[in-house]
Amino acid sequence: MPEGHTLHKAARKQAPLLVDKVARASSPQGRFLEAAQLDRARVVSIEAVGKHLFYAFERRGITRWLHVHLGLAGRFTYHPTTRTPAPAPLPSVRLRLAAEGTTLDLRGPLICELVTVERAAEIRDGLGPDPIRSRSVATKFAARVAHSKVPIGALIMDQRVLAGVGNVYRAELLYLARIDPRRPSRELTATEVQTLWDLARQLLRAGVTDGRIVTTKYGDVAPLHAKQRTYAYKQTVCARCRGLIWNVKLGGRPCFYCPTCQT
DNA sequence: GCAAAATGTCAAG
DNA sequence: TTGACCTTTTGCA
């Protein structure tokens with residue numbers, strides 16, 4: 001599930017449910033002992049940056065920051081409680097936040113921790129531009145690409161370079177931009193880099209709206225069948241040339257691409 | 001019933 | 001580069 005769009009979607013869903021409300025916080029699983037420090041605090045803000053979520057809580061004039069990263073297995077579950085009480089939490093619930101009208105469960109996150117405001121800023125500063133955030137610009141991304149000899153397929157998954165892109169979006173961006181993932185980043189033209197950025201904005205933002213990654217709705221290539229959601233990721237046949245999709249390990253994970261169309 | 005995989009990341013070697 | 005971590009889901013016996 002979780003590339004950048006998932007976290008932005010979660011932030012947008014959770015904010016109206018929780019912000020300005022006082023929440024009961026607990027860790028049924030017992031692995032997030034600091035939950036007690038959030039109990040009965042008011043939720044001030046919920047914000048996504050790349051694949052990271054930041055929550056501000058306030059209690060008795062003191063602000064505390066919660067940092068969440070879903071990793072590979074993390075999930076949120078929402079329980080509306082206007083009509084019926086929330087069910088007992090599953091044993092794996094790391095954090096339960098219960099506010100008026102909603103109970104939110106977090107299971108299996110890579111990170112769920114309290115951080116200082118300085119540490120929160122440090123984490124954000126370590127991330128590259130997030131194409132879903134409106135104030136992000138291509139400049140920083142372009143500069144990193146221009147100076148790196150790392151293959152572009154590895155570079156765009158580097159969260160310090162481009163925040164929010166994961167293994168699915170990487171394959172889809174490079175497929176639609178027709179760029180071979182093995183090419184050294186600094187050999188890309190300025191136009192190609194701009195195209196990658198524009199596609200990242202378009203596809204990740206669409207992902208927030210759709211709630212999942214469906215790139216075949218937005219590409220300039222007709223998919224092979226109605227149910228096809230990605231062009232390259234986990235595909236075997238290229239919708240453009242009908243040749244075989246290959247994959248090569250880049251950045252430690254398989255990168256799917258068409259050796260004919262991506263040059 | 002168990003193993004493997006998954007859209008992620010980090011520490012160890 | 002590999003293995004470990006987290007949890008759920010899927011596939012194979």
Side-chain angles (χ1 to χ4, degrees), chain A residues 1-11 13 27-33 35 48-54 67-78 87 89-96 104-113 115 119 122-128 130-132 150-151 153-176 181-182 199-200 202-219 227-236 245 247-257:
Chain A
M1 293 290 243
E3 296 195 21
H5 68 297
T6 306
L7 290 305
H8 283 267
K9 180 98 187 170
K13 181 167 181 180
S27 180
Q29 180 197 44
R31 282 189 48 189
F32 181 51
L33 298 173
V49 187
K51 298 173 188 171
H52 300 253
L53 276 172
F54 296 95
H67 172 220
V68 170
H69 191 299
L70 293 183
L72 198 54
R75 289 193 90 128
F76 287 110
T77 310
Y78 302 83
L90 294 173
S92 57
V93 172
R94 183 83 54 90
L95 171 65
R96 167 167 277 200
L104 176 67
D105 284 342
L106 170 61
R107 309 199 303 258
L110 183 67
I111 297 169
C112 175
E113 61 179 4
V115 291
R119 176 65 188 140
E122 198 177 296
I123 294 164
R124 299 172 59 133
D125 291 346
L127 295 170
D130 175 349
I132 297 176
V150 169
L155 197 74
I156 59 173
M157 272 218 316
D158 185 335
Q159 300 302 298
R160 298 168 298 183
V161 175
L162 188 57
V165 168
N167 203 19
V168 181
Y169 277 124
R170 130 169 109 172
E172 300 301 293
L173 294 173
L174 292 168
Y175 179 88
L176 286 171
R182 298 164 301 177
L199 282 168
Q202 184 195 2
L203 295 183
L204 272 83
R205 288 174 169 207
V208 179
T209 310
D210 297 342
R212 60 184 185 180
I213 302 175
V214 190
T215 58
T216 47
K217 264 166 67 180
Y218 308 97
K227 290 189 173 173
Q228 185 179 356
R229 296 216 277 260
T230 57
Y231 287 113
Y233 179 74
K234 281 204 172 169
Q235 299 300 313
T236 51
I245 295 285
N247 81 69
V248 58
K249 214 160 219 168
L250 280 176
R253 347 241 328 254
C255 182
F256 295 81
Y257 72 105

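Each chain gets a letter, A, B and so on, in the order its sequence line appears, and its residues count up from 1. Because the structure is a prediction, the values reported are computed rather than measured.
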Open item on the list: Is A:H69 close enough to B:dT9 that one of its side-chain N or O atoms is under 4.0 Å from OP1 or OP2 there?
Closed with: yes

Task: Nearest-angstrom distance, P atom, C:dC6 to B:dG1 - done: 23 Å

Which atoms of nucleotides 10-13 of chain B (N or O only) lie under 3.5 Å from a protein N or O atom, and what are those distances?
none

Open item on the list: List the residues meeting side-chain hydrogen bond (donor to acceptor under 3.5 Å, both in side chains) with A:R212, not counting sequence neighbours, and say none if there are none.
Closed with: none

Open item on the list: Quick check on C:dC6: is either OP1 or OP2 less than 4.0 Å from any side-chain nitrogen or oxygen of A:R31?
Closed with: yes

Open item on the list: Could you check whether any side-chain N or O of A:K51 sits under 3.5 Å from a backbone N or O of A:V165, counting only pairs where one atom can act as donor and the other as acceptor?
Closed with: yes

- [ ] Please identify each residue that fulfils salt bridge (charged side-chain N to carboxylate O under 4.0 Å, His left out) with A:R160, with sequence neighbours left out.
- [x] A:D158

Task: Partners meeting side-chain hydrogen bond (donor to acceptor under 3.5 Å, both in side chains) with A:R31 (sequence neighbours left out) - done: none

Open item on the list: Strictly below 4.0 Å: does A:R107 bring a side-chain N or O up to OP1 or OP2 of C:dT8?
Closed with: yes

Open item on the list: With a 4.0 Å limit, can you tell me whether A:S92 has a side-chain N or O closer than that to the phosphate oxygens OP1/OP2 of C:dC6?
Closed with: no

Open item on the list: So, using salt bridge (charged side-chain N to carboxylate O under 4.0 Å, His left out) as the criterion, who are the partners of A:R182 when residues are at least two apart?
Closed with: A:D180

TODO: Establish, with yes or no, whether the OP1 or OP2 oxygen of B:dA6 is under 4.0 angstrom from a side-chain nitrogen or oxygen of A:R253.
DONE: no

Open item on the list: Is there a side-chain contact between A:R212 and the phosphate of B:dT7, meaning an N or O under 4.0 Å from OP1 or OP2?
Closed with: no

Task: For A:F54, all residues meeting ring-ring contact (aromatic ring centres under 6.0 Å, His included), sequence neighbours excluded - done: A:H67

